[in-house]
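Below is one structure, written out as structure tokens, with a few remarks after it.
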There are 2 protein chains.
Amino acid sequence: MKYSKQRELILKTLQQNMIHPTVDHIYELVKKELPNISLATVYRNLNSLAETGVIRRIQGLDNAVRFDHNMCNHYHFICTKCNKVYDVPQDIAPDLSDNLSAETGLTAETYDITFKGVCHECQKKKQN
Amino acid sequence: MKYSKQRELILKTLQQNMIHPTVDHIYELVKKELPNISLATVYRNLNSLAETGVIRRIQGLDNAVRFDHNMCNHYHFICTKCNKVYDVPQDIAPDLSDNLSAETGLTAETYDITFKGVCHECQKKKQN
DNA sequence: ACAATAACGATAATCATTATCACTTTAAGG
DNA sequence: CCTTAAAGTGATAATGATTATCGTTATTGT
């Protein structure tokens with residue numbers, strides 16, 4: 001993979017971002033620094049970074065794919081009201097790969113747990 | 001919700017299907033019995049059945065949404081080669097809702113675990 | 001049977017994502 | 001340091017899944 005300043009900026013932008021942004025969101029952010037960057041370039045680079053294991057792709061609610069720079073094992077909580085994605089530390093679940101192969105014989109390369117519910121913020125809003 | 005023979009057929013068709021079909025797949029199946037049925041009707045009914053908790057929507061790999069008539073707790077294994085979706089029994093993981101709320105205070109209404117890897121069938125093919 | 005309304009079929013519109021292609025940048029070798 | 005091949009880019013058209021619209025039809029309670 002050859003270097004490009006676009007890819008460097010896209011990765012840096014994702015790494016500074018905690019909210020599991022969509023492609024469009026990253027596009028808006030990088031445009032501030034490289035106004036001529038193309039949306040296609042953002043897609044291309046996020047996809048290839050995910051393929052090479054530098055970042056992680058998360059698909060859950062609301063059609064649009066999101067990306068996550070945190071490659072450590074962890075899970076996600078998606079708020080069904082505001083669609084925000086929260087991190088959930090991995091120690092709420094034991095490693096499930098062994099259980100899976102013991103029970104089914106299947107070998108998982110990766111796995112994701114996605115919780116859905118209403119986040120603290122939205123529960124407060126509801127009460128008002 | 002009013003009765004319609006279209007919705008009845010769509011639900012019956014999904015319930016007889018074990019492979020977590022896409023909307024298009026169900027559309028093709030129900031057309032055999034109701035040739036004039038519209039794709040929009042299939043979308044409409046699958047969505048409303050999922051909203052009312054009669055069936056379950058699963059989003060994982062390969063863009064297209066899939067539906068699952070099995071509402072009992074269980075998880076899914078998606079083959080990264082052939083995109084088939086396999087059921088994984090729930091007893092490979094303890095109930096994680098309690099752990100989640102103990103650790104984070106968040107309350108999950110539902111959660112899904114999606115494993116990714118290569119299924120038996122595709123591993124055999126690989127060796128040939 | 002009748003009216004109100006939910007559902008339908010057809011199809012246009014939308015939205016996210018991917019493909020294409022002419023042009024530019026990167027990186028390796030002479 | 002100049003050349004060149006390959007990878008990357010920007011612009012935009014194309015695709016594919018899903019949703020919205022709208023005139024028509026089926027269902028349901030009275």
Side-chain angles (χ1 to χ4, degrees), chain A residues 1-14 17 19-68 78 80 83-85, chain B residues 1-14 17 19-52 54-68 78 80 82-85:
Chain A
M1 206 192 269
K2 263 181 196 173
Y3 170 85
S4 86
K5 62 170 177 294
Q6 288 87 344
R7 177 161 48 245
E8 187 182 35
L9 175 61
I10 288 165
L11 181 56
K12 200 185 73 185
T13 303
L14 180 65
N17 191 301
I19 67 158
H20 312 83
T22 60
V23 179
D24 247 5
H25 190 177
I26 294 179
Y27 177 54
E28 293 306 322
L29 291 173
V30 296
K31 255 202 299 195
K32 290 178 188 168
E33 201 147 332
L34 288 178
N36 291 331
I37 199 168
S38 165
L39 178 59
T41 299
V42 179
Y43 270 100
R44 259 191 302 252
N45 282 303
L46 288 170
N47 283 336
S48 60
L49 287 167
E51 259 164 45
T52 55
V54 181
I55 63 176
R56 186 201 287 206
R57 161 191 280 267
I58 43 182
Q59 293 170 294
L61 209 63
D62 81 319
N63 38 21
V65 173
R66 290 162 176 275
F67 287 89
D68 190 345
I78 302 182
T80 52
N83 279 356
K84 277 207 196 91
V85 181
Chain B
M1 207 191 266
K2 264 181 199 173
Y3 170 84
S4 84
K5 62 169 179 292
Q6 287 88 344
R7 184 179 314 113
E8 186 182 36
L9 175 60
I10 288 166
L11 181 56
K12 199 185 76 185
T13 303
L14 180 64
N17 192 301
I19 67 158
H20 311 85
T22 61
V23 179
D24 248 4
H25 190 175
I26 294 178
Y27 177 54
E28 292 306 322
L29 292 173
V30 295
K31 256 203 297 195
K32 290 177 187 167
E33 201 145 332
L34 288 178
N36 291 331
I37 198 168
S38 166
L39 178 59
T41 299
V42 180
Y43 270 101
R44 260 191 301 250
N45 282 302
L46 288 171
N47 282 335
S48 60
L49 287 168
E51 260 164 44
T52 54
V54 181
I55 64 174
R56 188 201 284 203
R57 160 192 280 268
I58 43 182
Q59 292 170 294
L61 208 62
D62 81 318
N63 39 18
V65 172
R66 290 160 177 276
F67 287 89
D68 189 346
I78 302 182
T80 52
C82 65
N83 279 356
K84 277 207 197 91
V85 180

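The structure displayed is predicted, hence computed values, not measured ones.
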Rounded interatomic separation in angstrom, taking [atom1] from [X] and [atom2] from [N]:
X       : N      : atom1 : atom2 : value
B/Ile10 : C/dA7  : CD1   : P     : 12 Å
A/Arg7  : D/dA7  : CZ    : C1'   : 9 Å
A/Gln59 : C/dA16 : CD    : P     : 15 Å
A/Leu9  : D/dT9  : CG    : C1'   : 14 Å
A/Leu46 : D/dT9  : CG    : C1'   : 15 Å
B/Asp24 : D/dT19 : CG    : P     : 13 Å
A/Tyr43 : D/dA11 : OH    : C1'   : 16 Å
B/Leu11 : C/dA7  : CG    : P     : 15 Å

Practice prompt. Taking only heavy atoms on the protein side, list every residue of residues 29-39 of chain B lying under 4.0 Å from any atom of DNA chain C, sorted numerically.
Written response: B/Asn36, B/Ile37, B/Ser38
Discussion item. Quick check on C/dT17: is either OP1 or OP2 less than 4.0 Å from any side-chain nitrogen or oxygen of A/Asn47?
Written reply: no
Item to complete: Please state whether the phosphate of C/dT25, meaning OP1 or OP2, lies under 4.0 angstrom from any side-chain nitrogen or oxygen of A/Gln6.
Response: no
Practice prompt. Could I get the full list of ring-ring contact (aromatic ring centres under 6.0 Å, His included) partners for B/His20, not counting sequence neighbours?
Written response: B/His76
Practice prompt. Scan residues 28-46 of chain A for pairs that pass salt bridge (charged side-chain N to carboxylate O under 4.0 Å, His left out), counting only residues two or more places apart or in two chains.
Written response: A/Lys12-A/Glu33, A/Glu28-A/Lys31
Practice prompt. Identify the residue among A/Asn17, A/Leu14, A/Leu39 that makes a side-chain contact (heavy atoms from CB on, under 4.5 Å) with A/Ile26.
Written response: A/Leu14
Discussion item. Looking only at the side chain of B/Thr41 (C-beta and beyond, no hydrogens), which of the listed nucleotides C/dG9, D/dG8, C/dT17 gets closest?
Written reply: C/dG9
Response to the item:
Whether each nucleotide of nucleotides 20-30 of chain D has a protein heavy atom under 4.0 Å at its base (B), only at its sugar-phosphate (S) or at neither (-) is summarised, 5' to 3', as BB-----BS--
Discussion item. Roughly what angle, to 10°, lies between the helix axis at the start of the helix from C/dA1-D/dT30 to C/dG30-D/dC1 and the one at its end, five pairs per end?
Written reply: 40°
Response to the item:
Hits for salt bridge (Lys or Arg N to Asp or Glu O under 4.0 Å) against B/Arg56, two or more places apart or cross-chain, chain-then-number order -> B/Asp112
